[in-house]
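Written out below as structure tokens is the structure these notes cover.
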Amino acid sequence: MTDATVVVTGASRGIGRTLLRAFAARGAAVVGCARDVEALDDAVAAARTNSEAAEGDATVEGVSADVRDASEVETVMDVAAGVGTSDTIDVVVANAGVKHSTSGEAPIHSEPYDRFDETMATNLRGVFVTLKEAAGRLAEHGRVLVPSGSIAVEAREGMGAYAVSKAGAEALVRQFAVDAPQTAAVVDPGLVDTDLSAPGGRATEDIAPMFVWAASEADSEEIDGERVDLRRWKTATRSR
């Protein structure tokens, strides 16, 4: 990842916050965005400190942005294109997401209209906006990674609009993969312990290397338009 430029949306917490540190520690110039400015500033500071502790000198920047707003996301991509060694972006992790209900307690036929619309606006349209605004800035070898989970392909009771939005985001990745020259992949790290999931999942630090691998070492043709899950990652890196 040395000299690569990486964008991470939803970088103020959870997986996104950890990915700021992980990519910066590998020498990438990283730009994170989120709506919560205070939390984003804290995440950026932590990533910079971690990079210094690892004897690195990575650039880490934060930009306040709502992924539902195309103009704000355009600004994020403009900033990212200017922080690296070139005027392009190498990796985009469209991580920003919301979940407005408790897992198992949101049957789809009871989902309020406003909650459905808000979930889809962030988790699906937000990914579309991120990919669309990044497309013109992505390097020819660029990669787009979209976190997802098994609920996108295996229905479970009470997952409501969240499951629907993740299924839609995965379809969006597949369409991008066939329409754009760059690589696009879904990354499914399994259950991760964040405020969007039920407790008891893996620590974000444990699955960050999976994203770094998908962003840099994984064969671009093999993962393009595909789901990269834990088994696939562990099989590919088993000899380490």
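Under the 4.5 Å side-chain criterion, counting only non-hydrogen atoms from C-beta, D36 is not in contact with R13. The closest side-chain heavy-atom distance from V76 to E133 is not below 4.5 Å. No side-chain heavy atom of V144 sits under 4.5 Å from any side-chain heavy atom of Q182. The shortest distance between side-chain heavy atoms of C33 and V7 does not fall below 4.5 Å.
Surrounding CD of E205 are more than 12 heavy atoms belonging to other residues, nucleotides or ligands, all under 6.0 Å away.
Here CD1 of I207 is found 7.0 Å from OG1 of T18. Values are rounded to the nearest 0.5 Å. In this structure, NZ in K99 is found 10.0 Å from CZ in R115, a value given to the nearest 0.5 Å. The distance from the CG atom of N95 to the CG atom of L20 is 9.5 Å, given to the nearest 0.5 Å. With rounding to the nearest 0.5 Å, the separation of OG in S103 from CD in E157 is 13.0 Å. In this structure, CZ in R137 is found 10.5 Å from CE in M77, a value given to the nearest 0.5 Å. Between the CG atom of D206 and the CG atom of L230 there is a distance of 10.5 Å, given to the nearest 0.5 Å.
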Check: Would K132 and V73 satisfy side-chain contact (heavy atoms from CB on, under 4.5 Å), going step by step from the backbone distance to the final call?
Finding: CA-CA 10 Å; K132 182 175 176 63; V73 176; over 6 Å; no
Next item on the list: Show your working on side-chain contact (heavy atoms from CB on, under 4.5 Å) between V192 and T204 and close with a plain yes or no.
Entry: CA-CA 6 Å; V192 182; T204 56; 3.7 Å; yes
Note to self: If you apply the rule side-chain contact (heavy atoms from CB on, under 4.5 Å), what do you find for N123 with V98, and how did you get there?
What the structure shows: CA-CA 7 Å; N123 297 0; V98 296; 3.7 Å; yes
Next item on the list: Could you walk me through whether R143 and S220 pass the side-chain contact (heavy atoms from CB on, under 4.5 Å) test, one step at a time?
Entry: CA-CA 8 Å; R143 302 188 183 196; S220 60; 3.7 Å; yes
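The backbone N or O of V6 lies less than 3.5 Å from no partner atom in the side chain of D90, so there is not a single donor-acceptor pair. S110 places no side-chain N or O within donor-acceptor distance of the main-chain N or O of A106, the cut-off being under 3.5 Å. Within the 3.5 Å criterion, the main-chain N or O of V37 finds no donor-acceptor partner in the side chain of S64.
In terms of hydrophobic clustering, with Ile, Leu, Val, Met, Phe, Trp and Tyr side chains grouped at heavy-atom distances under 4.5 Å, M120 and F128 are assigned to a common cluster. By the rule that hydrophobic residues join a cluster once side-chain heavy atoms approach within less than 4.5 Å of another member, V44 and V63 end up as members of separate clusters. Hydrophobic clustering, with ILVMFWY side chains joined whenever heavy atoms are under 4.5 angstrom apart, groups V127 together with L138. Linking ILVMFWY residues whenever their side-chain heavy atoms come closer than 4.5 Å, directly or via other members, leaves L19 and V146 in distinct clusters. A continuous path of hydrophobic side-chain contacts links W213 to V8 [ILVMFWY only; heavy atoms under 4.5 Å].
A salt bridge does not link D188 with R232: every distance from a Lys NZ or Arg NE/NH1/NH2 to an Asp or Glu carboxylate oxygen is 4.0 Å or more. Taking 4.0 Å as the cut-off between side-chain N and carboxylate O, R68 and D66 count as a salt-bridged pair. E61 has a carboxylate O that lies under 4.0 Å from a charged side-chain N of R48, or vice versa, which qualifies the two as a salt bridge.
No option in T237, T235, D229 other than T237 meets the side chain to side chain contact (heavy atoms under 4.5 Å, CB included) test with W233.
Residue S165 comes nearest to L124 through the heavy atom pair O-CB, 4.4 Å, listed as atom of the first residue, atom of the second, then distance. V31 and A80 get closest at one heavy-atom pair: CG2-CA, 3.7 Å.
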